[in-house]
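Down below is the structure, laid out as C-alpha cells.
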Amino acid sequence: MRSGQGKKPDKFTIINELARRRGFFWQSCEIYGGASGFVTYGSLGARLKQNIEDKLRELFVNKLGMLEIESPVITPGKVFEASGHVDHFREPMVECLKCKRRFRADQLLEESAKISSSETEKLGLKGLEKAIEEHGVRCPECGGALGKPKYFLTMFKTTIGPYSKVVGYGRPEAAQGIFVEFRRLYELARERLPFGVLQIGHALRNEISPRQGLVRLREFTIMDVEFFFDPEEPNCFLLKDVEDETLKLVLAENRSKGSEEAVEVTVKEALEKSYIKAEWQAVFMALAKKLLITLGVPPEKQRFIEKLPWERAHYALQCFDQEVYLERLGWTEVSGYAYRTDYDLKRHMQFSGVDMRIYKEYKKPVEMEKAFLKPVMSTLGPVFKAEAAKVADLLSKADPEVVEASVKGSGCYILGKYRILPEHVKIMHRKVEERGKHLIPHVVEPTFGLDRLVHTALEYAYRVKEGRVLLSFPRDIAPVQVGVYPLVSKDGLPEKALQVYRTLLDEGFVAEYDEAGSIGRRYARADEAGTLLGVTVDYETLKNETVTIRDRDSWKQVRTKIEDLPQLLRKYLMYKADFEDLGKLIKS
RNA sequence: GCGGCCGUAGUCUAGUUUGGUUAGGACAUCAGCCUGCCACGCUGACGACCCGAGUUCAAAUCCCGGCGGCCGCACCA
C-alpha cells in the first residue's frame with residue numbers, strides 16, 4: 001500500500017513495492033483485507049530465502065558438523081511452562097480509563113513508585129493492582145485513573161485434540177524443540193561434547209503491533225543453533241581460525257552510561273578483556289559477521305550490541321544482538337547470541353523428572369573418600385514409631401556429606417519435619433574410585449531471523465544504474481542464476497535458445513527462458529529480479545555454436561562456446577572464476 | 001492498543017472539497033506486427049473505487065463500523 005503521506009519513498013518502501021510487484025513477497029490474505037504480521041513469499045522470494053537458509057546450513061551443518069532437526073510448531077503447554085516462557089512471555093498492561101493509552105504496569109510502578117524491577121517481577125496481577133492503588137499511580141500522560149492490570153500473552157495459545165483441554169502453544173522460538181530432545185540428540189552426537197544442533201522453521205509471536213514488512217512478523221522463520229559444551233572445558237577449538245577477526249561491540253557497560261559508541265576489537269581481545277564471556281559465543285559472532293558479508297552487508301554496516309540486564313531474555317546470562325544498518329529503521333537486529341548456560345536443560349529436568357545430565361568420564365579415575373550413611377532402625381523406631389520406615393527412606397536419599405556436616409556441626413539434621421540426631425544415623429567413610437561424574441552441559445545460542453536477512457539482502461542488493469533498478473545479489477544467493485534469451489524471436493533463434501535453456505536445466509542450474517519484448521527489455525526485467533547472468537542466442541550462434549553471456553552488474557558481455565557453459569557457470573557461481581574468465585570480451 | 005493522516009487495476013496516479021454520463025491517464029502484463037544487444041514503435045486485449053451497513057432518486061465522493069497501510073506514542077522476553 002502506498003504511504004498516504006505523499007513523502008518521497010525511502011528505500012524500505014521501495015524494496016517492499018519492488019518485492020510485491022516482482023513477487024518476492026507480499027502481505028498474506030490480501031483478498032480478505034490482509035493479515036497484519038503475516039507474509040507470503042512468491043517464487044523469487046522463496047528461492048532467495050532458501051538460498052540464504054542454505055548459506056547458514058553450509059556454515060553450521062556442513063562446515064561445523066552440527067546436527068539438523070525439524071520439530072513441531074505446536075508444542076504441549078508443559079514445554080513452555082518448563083522453559084519459563086509462560087511466565088516471561090507476557091506483559092502486565094494497564095489502560096488509562098481516561099485517555100485509553102496502555103502502559104506496562106510494572107514499568108509504571110518502577111518509574112512513579114520507585115519499586116525495583118526485581119520486586120515488581122514477583123508481583124502477580126493482584127499484587128500490581130494493589131501496588132498501583134497504594135502508591136496512587138496515575139496515567140503519566142493525562143493523569144487519569146488506571147484500570148485493572150491484564151496480561152497480554154505474546155505466545156499463540158491453542159488446545160490440542162478435539163475434546164482435549166490440553167493447552168498447546170505455537171513456539172516462539174525453535175530452541176525448545178532442541179532442548180526437549182536433548183537425550184536422543186546427545187546419543188546421535190555419539191555422547192561427546194561439544195556438539196551443536198540446528199533447527200530452521202517457523203515460529204509464532206503474537207506481536208502487539210507488527211509493522212515494517214519482513215522485520216516484525218507474527219509468523220516468521222527462525223534459525224536456532226543450540227551449541228552444547230562442557231562448562232569445565234569451555235575452550236573453542238575454532239578460536240585460532242577467527243581470533244584476529246575484528247568485531248564492533250556496543251557494550252552494556254557503555255550503554256548504561258548512555259553511550260552507543262562501539263569498541264572495535266579482535267575476537268582475541270574481546271575474550272581477554274572479557275567483553276564476551278564464552279569463547280564459543282565469540283567465535284559464532286565472528287562467523288556470523290563473515291556470513292553477513294557474504295550476503296552483501298559490508299563490515300561497517302554491522303555491529304554487535306550487548307543487551308542490558310533488563311533487556312535480556314530470562315534464560316540468558318549474556319546476550320549480544322547482531323545488528324545491521326537499514327536505511328529507514330536504523331540499527332536492526334538480525335541475529336542474537338545468548339549464553340543460556342544450563343538454564344533450559346535444568347528446567348526441563350526439574351519439570352519432566354528426566355535426567356538431562358551427561359556422564360563425563362575422567363581421564364584418570366579419581367580415588368577419593370566418600371561418606372555413606374545408614375539409618376539406624378533400632379533408634380529411629382522408638383522415636384518415630386509408624387513413620388520410622390518413611391524417615392529411614394528419606395534419610396537414605398539425603399546427601400551423606402550434608403547430613404554428616406550438619407550432625408557434627410549443630411548436633412542434628414533437619415529432614416523435612418523430622419529432627420535427626422547423631423544416634424539415628426551411622427556415617428561411614430569408604431575409599432572409592434570415581435571414574436567420572438554427571439553434569440549438565442552449557443549452551444550458547446546463535447539465532448537468526450531469516451525474514452530479516454531476506455530484507456537485508458534485498459536492501460543491500462538494491463542499486464540504480466542509468467535509471468534502472470537492479471538487484472545485485474551475491475552469486476550464491478541470487479534467486480535465478482541465468483536467463484536464456486533469443487536475440488529476436490524469429491529465424492530459429494527461439495528454438496536454439498530453448499535448446500540451450502534445457503541443457504542448463506539438465507545441468508542443474510536455476511535458469512529462466514524469456515522471449516517477450518525486445519532484448520533490452522528482457523535484460524532490464526532480469527536485472528530487476530537479480531538474475532545473475534544472461535545468455536543470449538544470436539545469429540552467430542547458428543553459425544558457430546557460441547553464445548554471449550551478459551553480466552548483471554557491469555552489463556559487460558563475453559562470447560563463449562555453448563558446450564563450455566555448464567562448467568564455466570559452475571566455476572563462476574562458486575567464485576572460482578571472474579566474469580572476464582567466462583569468454584572473450586565483446587562489449588564493455 | 002491509542003492519536004494523526006490515508007486506502008482508486010500488478011504499480012504510480014486523476015477524480016473526492018461541491019454526490020450525477022461509460023471512473024481518465026501512465027508504466028507493467030498478454031496477443032499480433034515490428035525488432036541484429038540494453039525498458040524501441042504500432043495495433044489490440046486484460047485489469048480498479050479495501051470490506052460491510054447507512055443517508056439519498058443517485059455514493060469512489062457524505063456518515064458509521066470493520067480491515068489494512070504510513071507516522072508518532074506504547075510494545076517487541
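Reminder, nothing fancy here: chain letters follow the sequence lines and each chain counts from 1.
One can find a donor-acceptor pair under 3.5 Å joining the base of C37(B) and the side-chain atoms of Q557(A). The base of C40(B) lies outside donor-acceptor range of the side chain of R521(A), with no N or O pair under 3.5 Å.
The interatomic distance linking F89(A) (CZ) with C75(B) (C1') rounds to 12 Å, in whole Å. Distance CG (L308(A)) to P (C76(B)): 14 Å, rounded to an integer number of Å. One can place CG of D491(A) at 14 Å from P of C37(B), the figure rounded to the nearest angstrom. Separating the CH2 atom of W26(A) from the P atom of U11(B) is a distance of 12 Å, rounded to the nearest angstrom.
In the set G36(B), A77(B), G68(B), A77(B) carries the atom at the smallest distance from any side-chain atom of A313(A). The listed nucleotides are C75(B), G36(B), A39(B); the one nearest the side chain of R468(A) is A39(B). For R20(A), taking side-chain heavy atoms from C-beta onward, the closest of the listed nucleotides U35(B), U11(B), A77(B) is U11(B). Of the listed nucleotides (A77(B), U35(B), C37(B)), U35(B) has the atom at the smallest distance from the side chain of S489(A). Looking at the side chain of T548(A), the nearest of the listed nucleotides A77(B), C38(B), C37(B) is C37(B).
Just one of R171(A), H348(A), E226(A) meets the side chain to side chain donor-acceptor pair (under 3.5 Å) condition when paired with Q176(A); it is H348(A).
Between E512(A) and R47(A), at least one side-chain N (NZ, or NE/NH1/NH2) sits under 4.0 Å from a carboxylate O, which counts as a salt bridge. With respect to D527(A) and R550(A), a salt bridge is recorded, a charged nitrogen being found less than 4.0 Å from a carboxylate O.
Close to C71(B), at under 4.0 Å from its OP1 or OP2, lies a side-chain N or O of R328(A). For C40(B), one of the phosphate oxygens OP1 or OP2 lies less than 4.0 angstrom from a side-chain nitrogen or oxygen of S518(A).
Between W280(A) and F227(A), the ring-plane angle classifies as tilted under the 30° and 60° cut-offs.
Nucleotides G25(B) and G47(B) are separated by 15 Å at their P atoms, to the nearest Å. Between G41(B) and G54(B), the distance separating the two P atoms is 49 Å to the nearest Å.
For H455(A) and F12(A), the ring centers are positioned less than 6.0 Å apart.
The aromatic ring of Y523(A) does not stack onto the base of A39(B), failing the criterion of a centre distance under 5.5 Å from the six-membered base ring together with planes under 30° apart.
Residue D514(A) is the one, among D538(A) and D514(A), whose nearest nucleotide of RNA chain B lies closer to the 5' end (criterion: closest heavy atom).
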